[in-house]
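For reference, the structure discussed in these notes is given below.
This structure is a prediction, so every number in the text was calculated from the model and none was measured. Reminder, nothing fancy here: chain letters follow the sequence lines and each chain counts from 1.
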Amino acid sequence: MKYALFLKEKAIEAIINLYNIKPELDKIQIQSTRKDFKGDFTLVTFPLLKYSKKSAEQTADEIGNYLVDKIIDIQGFNVIKGFLNLELNETYWVNNFYEALCEERFGITKVEKDSKTVLVEYSSPNTNKPLHLGHIRNNLIGFSISRILEANGKKVIKTNIVNDRGIHISKSMLAWEKWGNGQTPDLAGIKGDLLVGKYYVKFDREYKKEINELIEKGQTKEEAEKNAPLILEAREMLRKWEAGDEKVIDLWKKMNNWVYEGFDITYDKLGVDFDKIYYESDTYKLGKSIILDGLKKKKLILKDDGSVWANLTDKGLDEKLLLRSDGTSVYMTQDIGTAYIRYKDFKFDEHIYVVGNEQDYHFKVLKIVLLELSYKWAHSIHHLSYGMVELPEGKMKSREGTVVDADDLIDEMIDTAKTISAELGKFEGYSDEEINETINTIALGALKYFLLKVDPKKNMTFNPKESIDFNGNTGPFIQYTYARIQSLKRKAEENKIVISNDKIENLEISEKEIQLIKTLNAFPNIVKEAAEILNPALVANYIYELVKEFNQFYHDFVILKEENENLKLFRLQISILSGKVIKESMYLLGINVPERM
RNA sequence: GGAUCCAUAGCUCAGCUGGAUAGAGCAACAGCCUUCUAAGCUGUAGGUCGAAGGUUCGAAUCCUUCUGGAUUCACCA
């Protein structure tokens, strides 16, 4: 925060003048004062005692007096156990408030022509099964981070890599061919991704049967897994695909298109989108050629069996396979190609991958390999590693049917929102369209806020039985506060009250109002920090704080019925800015706010 | 086994680069709607911050060890 820096300089000045010695920079600690104490900024004096050679209280007292004397914004100070709490005067905060009120988008930095370009990859689905709760977390984090970076003046390209080729797809294809009987999403009346996912599960079931049979016949588990007829057929299908076999390619295209149609519906429901989508089937060959080129330049190793490796032992890692002995590519191959083409396309200054923490090692290696291959831009690669969403019983497992399907979850949230709204007797005098829209906004608000308020890097638990709350620290609570403010605005208009941005003089402002103004004032810094540490939860926790304070204010004070006209206008101005900041914060999380609810 | 990460109230989570008495929500209990939206507000109760050492004026936060959990080390993606 700017003011803290200014105070730091002044504190240094104070020590030089008072004690005739220049302090080390890290000994000057300015922090915001804890809520339960009086004051705005706190200087911790313990580290300074070696300069003053006096007691903490006395040191704090002397520095406090010096600062009050020199800085007009400081009206006084108090000292508690060696903490020097500086109290800024009301004018300082009120001026700040009006500056913020007048800004078009308070706290948001505009994107300029020469802004840095940041690529954000998120979602990265496989096309053999529908999206689940884990993907939802991924998508929401990616989308929110994109907006947060944009709010910091970065040119953001939202991108996706679709893993549309490989053995997993072949499994679904093969199962459909064997047991599908020409089934299509239309005939079955279900989404395409769901249908394809069913055949993936079917494959797995039949494959397991074959494995067990082989084991009974005396093979080891490993042997059985390799020799089962189904897996051999799937491999053969993949080989044909790579060879460009027309029939296989046609089937592949058909089934992938079903999946894309399904994904689009889910993305649309979630409200996320992309600026540029890459497909593994387009990039894996490029990756292959880059690796062969690296081999020629002796940056990679060729083993006797024909496989290509990167030697990372001097980096404290192992050797990493980049091409199989049969020349086919692995996951890493594709990622190298994709990164390369992305740099060619966008010349990004930074590339953020939103990918689960189970791939920490993969991204460590990806970066090193690219650097080994002399791509300097690989320095700008950053893996935003997020934690798993776990169920109370533990990890979600698709084979055990414990996966929480994305569409199902969204639908359930909408049902819940409907039920709760009906119970509360909302929606009298609403049109059907407005009811649906509002319910949708609330349902998604609840879901998104629930997932985004947790620090991305931490694993989190989701309990499907206790459906997501609508009270307390939740999306709907925040949305409700926003709706209240909009209601105030409407009522003000009805009463022909014009709410200007003009400064109102001679006000008697209460503690609570000042407190609210201070919290609003913190918003720009939150936006900045959230981008620095790539953490939407910071924004979520901030709005909650703000909204709690606003609701207390709303409860304790009359606004429209205030008889003092100036005070009424001032309170409306506070409400307006609070509403703006709530909306803007929610926007950063990718959450909409309703005009009424 | 090597590496990385995690452990805070009954449950779900905050706790900024070490700082003042560790905070919210849910659940429980007790209050507040003739007044701008009660999806709200107020209060009560709930903790040896996984354990033990160490560094420091000062540790939930840093270091070491231990316990418990997760992930990863694949010619899987």
Please report the distance separating the [atom1] of [N] from the corresponding atom of [M], rounded so that it comes out in whole Å.
N	M	atom1	answer
C32(B)	U71(B)	C1'	49 Å
A74(B)	G2(B)	P	16 Å
G10(B)	G47(B)	P	7 Å
G43(B)	G53(B)	C1'	42 Å
C66(B)	G25(B)	P	40 Å
U56(B)	A51(B)	P	23 Å
C33(B)	U42(B)	P	16 Å
U61(B)	U17(B)	C1'	11 Å

Is a side-chain donor or acceptor of [X] paired with a backbone partner of [Y] at a separation under 3.5 angstrom?
X	Y	result
Thr438(A)	Glu434(A)	yes
Asn535(A)	Ala531(A)	no
Lys367(A)	Ile381(A)	yes

Per [X] side chain, nearest of listed nucleotides [options]:
X	options	result
Lys395(A)	U71(B), A39(B), C73(B)	U71(B)
Gln359(A)	A77(B), U72(B), C41(B)	A77(B)
Glu280(A)	A77(B), U72(B), A24(B)	A77(B)

Please verify the inter-ring angle class for [X] with [Y]; under 30° counts as parallel, over 60° as perpendicular, anything in between as tilted.
X	Y	value
Trp241(A)	Tyr284(A)	tilted
His132(A)	His135(A)	tilted
Tyr353(A)	Phe363(A)	tilted

* **Distance-only polar pair, side chains of Glu280(A) and Thr283(A), donor-acceptor under 3.5 Å** =>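 The answer is no; no qualifying pair exists.
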* **Ring center gap for Phe46(A) and Phe83(A) short of 6.0 angstrom** => yes
* Are Phe553(A) and Phe550(A) an aromatic pair by the rule of ring centers under 6.0 Å? ->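 Ring-ring flag for Phe553(A)/Phe550(A): true, centres closer than 6.0 Å.
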Length of the line joining [X]:[atom1] and [N]:[atom2], which is rounded to integer Å:
X	N	atom1	atom2	answer
Tyr361(A)	U71(B)	OH	C1'	14 Å
His383(A)	U4(B)	NE2	C1'	12 Å
Met332(A)	C76(B)	CE	P	14 Å
Glu390(A)	G69(B)	CD	P	13 Å
Asp469(A)	A24(B)	CG	P	18 Å
Asn471(A)	C26(B)	CG	C1'	9 Å
Tyr353(A)	A77(B)	OH	C1'	15 Å
Glu549(A)	G23(B)	CD	P	16 Å

* Regarding Lys320(A) and the six-membered ring of Trp309(A), is the cationic atom NZ or CZ under 6.0 Å from the ring centre and inside 45° of its axis? ->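 Relative to the ring axis of Trp309(A), which defines the angle, Lys320(A) lies outside at least one limit.
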* To do: Kindly determine whether Thr461(A) and Glu390(A) satisfy side-chain hydrogen bond (donor to acceptor under 3.5 Å, both in side chains), including the steps that lead there.
  => CA-CA 5 Å; Thr461(A) 310; Glu390(A) 284 164 4; 5.1 Å; no
* **Per-nucleotide protein contact string for nucleotides 5-21 of chain B (B base, S sugar-phosphate only, - none; heavy atom under 4.0 Å)** => --S----SSS----BBB
* To do: Please figure out whether Thr438(A) or Gln552(A) has its closest RNA chain B nucleotide nearer the 5' end.
  =>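 Final value for this comparison: Thr438(A).
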* Asked: Looking only at heavy atoms, what is the nearest atom pair of Arg571(A) and Glu562(A), with distance?
  ->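 Taking every non-hydrogen atom into account, NH1-OE1, 2.9 Å.
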* Heavy atoms under 4.0 Å, any strand shown: does Leu323(A) hit a base, just sugar-phosphate, or nothing? ->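 The answer is nothing, as Leu323(A) stays clear of every strand by at least 4.0 Å.
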* Asked: Which is true for Thr328(A) with a 4.0 Å heavy-atom rule: it touches a base, it touches only sugar-phosphate, or it touches nothing?
  -> nothing
* **C62(B), syn or anti by chi within 90 degrees of zero** =>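 Anti, which is what one calls it when the glycosidic angle falls more than 90° from 0.
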* Could you run through RNA chain B and flag its stems, i.e. three or more consecutive Watson-Crick or G-U pairs with both distances under 3.5 Å? =>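 RNA chain B stems, ordered by first number: B:1-7 with B:67-73, B:10-13 with B:23-26, B:28-32 with B:40-44, B:50-54 with B:62-66.
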* Atom pair CZ/CG of Phe557(A) and Leu567(A) - distance to nearest 0.5 Å ->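 With rounding to 0.5 Å, CZ (Phe557(A)) is 8.5 Å from CG (Leu567(A)).
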Which protein N or O atoms sit under 3.5 Å from an N or O of nucleotides 34-38 of chain B?
from, atom 1, to, atom 2, distance (Å)
U35(B), O2', Lys561(A), NZ, 2.4
C36(B), O3', Lys491(A), NZ, 3.3
C36(B), O2, Ile559(A), N, 3.4
C36(B), O2, Leu560(A), N, 2.9
C36(B), N3, Ile559(A), N, 3.0
C36(B), N4, Tyr554(A), O, 2.6
C36(B), N4, Phe557(A), O, 2.2
U37(B), OP1, Ser487(A), OG, 2.9
U37(B), OP2, Ser487(A), OG, 3.4
U37(B), OP2, Lys491(A), NZ, 2.8
U37(B), O2', Tyr480(A), OH, 2.1
U37(B), O2', Arg484(A), NE, 2.9
U37(B), O2, Lys426(A), NZ, 3.2
U37(B), O2, Met597(A), O, 3.2
U37(B), N3, Met597(A), O, 2.8
U37(B), O4, Ala483(A), O, 3.3
U37(B), O4, Met597(A), N, 3.3
A38(B), OP2, Arg484(A), NH2, 2.4

